[in-house]
Amino acid sequence: MANTVAGQPSLRANDRLAGMEHSEVHYFNSYNHHGIHEEMLKDEVRTRSYRDAIYQNKHIFKDKVVLDVGCGTAILSMFAVKAGAKHVIGVDMSTIIEKAREIVAVNGMADKITLLQGKMEEVQLPFPKVDIIVSEWMGYFLLYESMLDTVLYARDEYLVPGGLIFPDKASIHLAGIEDGEYKEEKIGFWDRVWGFDFTPLKRTALTEPLVDTVELKAVVTDPTPVLTLDLYTVTRSDLVFSVNFVLNVQRNDFVHALIAWFDIEFSKCHKPIRFSTGPHTKYTHWKQTVFYLNDALTVEQGERIYGTLENKPNDKNRRDLDIKIAYRLGTEDPGRQAQGKCEYKM
Ligand code: SAH
């Protein structure tokens, strides 16, 4: 999934959207435009991982009924047909599905793929149960946009007992980074703007995580997994969580921010397929998510940063997240002892 909201489409664009919340309308409209699909299809790490996971497992896909949740341009549906699926059902709310129909037809797969426009939670499937669910549902910080809810709905409603989910494991990772220069540019900027005190906006800027690529050399702590989701068992309530973490400091430096990223695994493959969206590996359109701390920590090699990461879908708009990070530097040095608690919205 791509997250970037492409343009500001007219709210009249799609009558079916009437009755939905404004934010929902906006969300689905953003997927109407081909640009957002271009970004996802061009994401080599993303699309190749799905392709490999499907093509390298023809023994799993052969003669199966597959559900592609949020099929977009139907790329994953066509991978599944090529891997021998008996039939694929692709569901998407966005008008891109009209183009997906044409794409499927020009590729000679119209008799193998049924495409339904609508919300996954509302459409009527032509099969009561499916053998395999494929979906690319991940947002920034893994959970932004909360499309995972939709995949869990599809799992509980349609997956046969013993059916498979591609991918089936997702994990969130954290690390501390030195980012003085950019923090100054983005946050310090608000201290003085054209001769005026703009600090009210500084607080706002601090609460908004930045989605950006982080250079590996900025990473000051060990990359640390903090949460793993098993798609076979996870429930909606697990997406409200509070987890403790310990980050081991690798070198003497400052820590201006914590960054988060996610890894994805297709574990039911002949040869398991994984990809990471971390700073130590190839670029993906998810980049990393940067959470600036109110005050920088001065850290020394071997010390630890202890903390808690809390996440909760926003009460008003479930697609937004309320995230809290509490942290404390474990140091013997009274002059550098520090702790804090920051709240973010994304
Ligand atoms: N599978 C495609 C597109 C992934 S983007 C690919 O891999 O390239 C996610 C898609 O899911 C978007 O096109 C969006 O419109 C759709 N989507 C998100 N939530 C949905 C829901 N509840 N019902 C139907 N479609 C949904």
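Read the numbers this way: they start at 1 and go in the same order the structure lists the ligands and their atoms. Owing to the predicted nature of the structure, the values given are computational and were not obtained by experimental measurement. Computation of the quantities below employed the complete heavy-atom set of this structure, encompassing side-chain atoms and omitting hydrogens, waters and symmetry-equivalent molecules.
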Check ligand 1 against [X] and write out every atom of the ligand that is under 4.0 Å from a heavy-atom position of the residue.
X: Met93; result: 24 (C), 25 (N)
X: Ser94; result: 15 (O)
X: Arg46; result: 6 (C), 7 (O), 8 (O)

Measure the spacing between CD1 of Ile132 and CD1 of Ile60 and express it to the nearest 0.5 Å. 6.5 Å

So for ligand 1, is [X] a polar contact partner (N or O within less than 3.5 Å, distance only)?
X: Thr150; value: yes
X: Met120; value: yes
X: Thr73; value: no
X: Asp92; value: yes

Side chain or backbone of Cys71 under 4.0 Å from ligand 1, or both, or neither, by non-hydrogen atoms? backbone

I need the contact type for Ile75 against ligand 1. Using non-hydrogen atoms and a strict under-4.0 Å cut-off, is it side chain, backbone, both or neither? side chain

For Phe189, is the NZ or CZ atom of Lys186 found under 6.0 angstrom from the centre of its six-membered ring and inside 45 degrees of the ring axis?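 Not flagged: Lys186 not positioned over aromatic ring of Phe189.
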
Are Tyr50 and Phe79 an aromatic pair, judged by ring center distance below 6.0 Å? no

Would you please indicate if the ring centroids of Phe127 and His87 are separated by under 6.0 Å? yes

Under 4.0 Å, counting heavy atoms only: does [X] come that close to any atom of ligand 1?
X: Gly118; result: yes
X: Leu76; result: yes
X: His37; result: yes

So between Gly72, Ala154, Ala100, Gly70, whose heavy atom ends up nearest atom 1 (N) of ligand 1?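 When every heavy atom of Gly72, Ala154, Ala100, Gly70 is considered, Gly70 comes closest to atom 1 (N) of ligand 1.
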
Worked check of side-chain hydrogen bond (donor to acceptor under 3.5 Å, both in side chains) between Asp179 and Tyr292: CA-CA 9 Å; Asp179 200 24; Tyr292 283 115; 2.6 Å; yes

Working note: Thr221 + Asn248, criterion side-chain hydrogen bond (donor to acceptor under 3.5 Å, both in side chains); need CA distance, chi angles, decisive distance, verdict. CA-CA 5 Å; Thr221 72; Asn248 293 314; over 6 Å; no

Can you list every pair that meets salt bridge (charged side-chain N to carboxylate O under 4.0 Å, His left out) and has a residue in residues 188-200, with sequence neighbours left out? Asp191-Lys202

Consider ring-ring contact (aromatic ring centres under 6.0 Å, His included). Of Phe245, Phe141, Phe262, Trp261, which one does His173 pass it with?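 Exactly one option meets the ring-ring contact (aromatic ring centres under 6.0 Å, His included) with His173, and it is Trp261.
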
Indicate the ring-plane relationship of Phe275 and Trp286, choosing parallel, tilted or perpendicular according to the 30° and 60° boundaries.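 The rings of Phe275 and Trp286 lie parallel, inter-plane angle below 30°.
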
